[in-house]
Enquirer: 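Sending over a structure as structure tokens; questions will come in a sec.
The sequence lines fix the lettering, A, B, ..., with proteins before strands; numbering per chain opens at 1.
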Amino acid sequence: MTAVFSSTSQMMRQVIYALVLGISAAYAFFGWGIIVQIFLAVVVAIAVEATFLKIRKHPIKPAIADGSAILTAILLAISIPSIAPWWIVVVGVSFAIIFGKQLYGGLGNNPFNPAMLGYAFLLISYPLPMTTWASEFVNFSQAFDVIFNLNSNMVDALSGATRLDDVKIQLSLGKMMSELNLHSSAQAWINAGFLLGGLYLLARRVIFWHIPAAFLSGIIVTAFLVSLGDGEYLPVQNHLMLGATMLGAFFIATDPVSASTTPKGRLIYGFLIGVLIVIIRTFGGYPDGVAFAVLLMNIVVPLIDYYTQPKVFGK
Amino acid sequence: MASYAFKGGVHIPNPYPIKKPEVKQVAPPEQAALFLQQRAGGEQKPCVKVGDKVLTGQVIAKTSGKYPSYTHASISGVVLAIEKRPIPHPSGIDGVCIVIDSDGKDKWIEIEKCDQDFLRCAPSKVIQRIREAGIVGMGGAGFPTHAKISNAQGAQTLIVNATECEPGIMCDDALMQHYPREIIRGVEVLMHGCGAKKAIIAIEDDKQEAFNSLLMYNFNAHIEIVQIPTKYTSGAEKILIKTLLDIEIPSGEFASDYGVLCQNVGTVKAIYDAVIDNKPLISRIVTVTGSAVKEPRNYEARLGTSFASVVAQSKPNNKVHQIRMGGMMMGVDVPNIEHSIGKITNCIFVNNATLKPSVQSCIRCGQCNEVCPVGLLPQQLFWYAKSENMDRAMDYNLRDCIECRCCDIVCPSHIPLAQYFSFAKALHCKQTKEQQKADVARERFEFKEFRVERNKAERSEMMARKKEELKKKMAEDKTQKDKIAQAVARVKNKGALKK
């Protein structure tokens, strides 16, 4: 039986609902920051999208109603540190909507995942605020203060390094894996939340199993191979439950517009993203590799699609 | 037992189901309008004049040529008009119709009976009877049946398509419940006609009653009746052949190339009528259904009966209607109800007019890939069809699209994909033709250039040769002259010596 979605907006809404669990987990551990960021991002996304549609002389209402801009905004908002200053999310979302989507001709025409384009842009341009994460629960007024820069001492009080970054620094300082206190339960819970949301999307047939399965296999295989080498490396299970792994596998890499669309192509696409993520995390200079891995693979999607066409009836 | 599953397709339940599909007989109409445009072989030529008296079953129009076909009077009476009327086509174009005014008697013409059992007749005789009865594919394709049988001579397997996979249509279901004996007999006739040793009647598994009734009348060990899963496009000819026989026939090739003949169950019943009952095709079963009718039902009506008169019996509401001929998937929307039932009118949808949902951008979600029964990537094809990039569209196997509209149904952005593909195919066809013309013109031009060049070259060569010859001749002449001069000199010398 085939799922029939009554509209594109309905599909987008399903994805947004599926994000709720992961967002709730992030809220439970790190507090109000993420909620404020999402709210801010959505407002900015709608404003920017509307402005650009007006400039392009396209109808505004249906494009806003399709929910794609809102989804992009939410994905970007949950990818950045929850205590990042307000202008980070404003700049990032604007970049994502303008350069990631509207300049290519709007929904359906963008070769890159807009949210990840925005994220990569922010990470390269503003590395410090983009790697300063909350280390404890942040209440509403604290979140407000830190995001809108009302109390300059607040950031230091609330922040810590990115977990994956921290691991890499510690390892490079010669510590053994067993000596590290990973504090990873929060990350694991958040990842579990996105995993469950992802399974919901699979069950509703909004996404297909190929990309997430291949993505996670790519991570497992590569992380295992890397762990065979000399020295101390992050074990496979931590690769799966730290950072943006589950968000990436079920929500980012599966963005249909910029992903491969053939069954075989989806497997190749997902697997190579997984491989690239572990390589970037292990040998690269950035804490997490989901955004770069996805963007790199976005480039090769047309090629993959062309050479992985399914067998046609009778041929 | 085989699972009879196929890849792709969509399951759509009948939107307006009825408990027991009965067949209501519709009295012969006061006026019958029979249109002469055929699916293959062009428009038929009338062989009666306005004012002529005609009897039921009398031939009133025919074509000869590659696909000869006949139209018979469906009622007795007087030819009232031969004029252009709108035919069931999305564009609302007109076609020639013969209009007969009934005399109310329904008097049949004497038809020569086949005095022998059909099994003793030569297959060619059986095919001839099918041709003269004016039978065409009644599942909606409308291709002349006799031509299809002739092409499939020596077929191994006859497949009777009783899937009726288009949601909403119930005419074959009703037909099978009402005429099981005739259908089985018709299958035997057809097997004799094409020489097949084996026949398979395929029915979707949601038509249990029809299956049972056929089973009850089947005493022929060579006829197998199978149930296949209810899923749309199960009845597309090549998909059905793949399901039943596991043979995949590529686009551009035909079932007959693989020893298979496929016929619709309604056609089989018409063949029974023609060969055993000596009746030409003058009536058919039509489903009337849709959101605007209170009583969806099947009607057995004479050809030429107006849509309006059968629809009225299903109690339509008073709202604005959208009329569709054929199934909800592959049928055609017609502008109004001013049409009459033809040989391929299997269903009339009468829906309350609604606004179509607005089209959104393609987000490449891939739902269409999942349902395409021929394994295409409709979203990629859409991209190239839209940008009219025909080379790429061909790379993505545009040609193989069967326009079943499964992709349309699941598209969350409501893009009329099949429409784009049908357009792209037409465009490709046109471009190919233009390309061929251009090629021919270019070749002709190039040949002309070559010819001019060649002529020039030949001429200059000839000139050179002539010059050469002239020179030689002149040289020869010179030696000759010299010789003469010498001789003269010699003679002179001699004379001088003598002196």
Enquirer: Non-hydrogen atoms of chain B under 4.5 Å away: do they reach the side chain of A/Ala259, the backbone, both or neither?
Expert: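 Just the backbone, heavy atoms under 4.5 Å.
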
Enquirer: Can any side-chain N or O of B/His414 pair as donor or acceptor with the backbone N or O of A/Ser6 at less than 3.5 Å?
Expert: yes

Enquirer: Has B/Gln208 got more than 12 heavy atoms of other residues, nucleotides or ligands less than 6.0 Å from its CD?
Expert: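 Yes.
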
Enquirer: Can you see which heavy atom on A/Met11 is nearest to which on B/Pro412, and at what distance?
Expert: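 Smallest interatomic distance, heavy atoms only, reads SD-CG, 3.4 Å.
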
Enquirer: Taking all heavy atoms of A/Gln309 and all of B/Leu377, pick out the closest pair and write down the distance.
Expert: CG-CD1, 4.1 Å

Enquirer: Which atoms form the tightest heavy-atom contact between B/Gln367 and A/Val206, and what is the distance?
Expert: NE2-O, 4.1 Å

Enquirer: What residues of residues 354-363 of chain B sit under 4.5 Å from chain A when only non-hydrogen atoms are counted?
Expert: B/Gln360, B/Ser361, B/Cys362, B/Ile363

Enquirer: Where on B/Glu253 is there a heavy atom nearer than 4.5 Å to chain A: the side chain, the backbone, both, or neither?
Expert: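 For B/Glu253, there is no contact with chain A at all, as no heavy atom is under 4.5 Å.
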
Enquirer: Heavy-atom count around B/Glu248 CD within 6.0 Å, excluding the residue itself: above 12?
Expert: yes

Enquirer: What part of A/Phe208 gets within 4.5 angstrom of chain B, counting heavy atoms only: side chain, backbone, both, or neither?
Expert: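 Side chain of A/Phe208 only, per the 4.5 Å heavy-atom cut-off to chain B.
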
Enquirer: The test is side chain to side chain contact (heavy atoms under 4.5 Å, CB included); show your working for A/Arg266 and B/Asn369 and say whether it passes.
Expert: CA-CA 12 Å; A/Arg266 288 188 189 128; B/Asn369 302 353; 4.2 Å; yes

Enquirer: Considering non-hydrogen atoms only, spot the tightest contact between A/Thr261 and B/Gln380 and give its length.
Expert: OG1-NE2, 4.1 Å

Enquirer: Ignoring hydrogens, what is the shortest heavy-atom contact between B/Trp383 and A/Asn109? Give both atom names and the distance.
Expert: CH2-OD1, 3.2 Å

Enquirer: If I take atom CZ from residue A/Phe313 and atom SG from residue B/Cys372, how far apart are they, to the nearest 0.5 angstrom?
Expert: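 One finds 10.5 Å between CZ of A/Phe313 and SG of B/Cys372.
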
Enquirer: What part of B/Ile239 lies closer than 4.5 angstrom to a heavy atom of chain A: side chain, backbone, both or neither?
Expert: both

Enquirer: Just so I understand: if I count every heavy-atom pair under 4.5 Å between each of B/Leu376, B/Ile249, B/Asp395 and chain A, which residue has the most?
Expert: B/Asp395

Enquirer: Can you give me the closest heavy-atom contact between A/Tyr306 and B/Tyr396, atom names plus distance?
Expert: CA-OH, 3.3 Å

Enquirer: Step through the shown structure and confirm whether more than 12 heavy atoms of other residues, nucleotides or ligands are within 6.0 Å of CZ on A/Phe121.
Expert: yes

Enquirer: Side chain from CB out, backbone as N, CA, C, O: work out which of these in A/Asn110 comes under 4.5 Å of a heavy atom of chain B, or both, or neither.
Expert: neither

Enquirer: Does CZ belonging to B/Arg392 count more than 12 external heavy atoms closer than 6.0 Å?
Expert: yes

Enquirer: B/Arg364 side chain to A/Ser258 main-chain N or O, any donor-acceptor pair under 3.5 Å?
Expert: no

Enquirer: Taking every non-hydrogen pair under 4.5 Å, which of B/Ser251, B/Cys411, B/Gly366 racks up the most with chain A?
Expert: B/Gly366

Enquirer: Relative to chain A, which segment of B/Lys7 carries a heavy atom at a distance below 4.5 Å: side chain, backbone, both, or neither?
Expert: neither

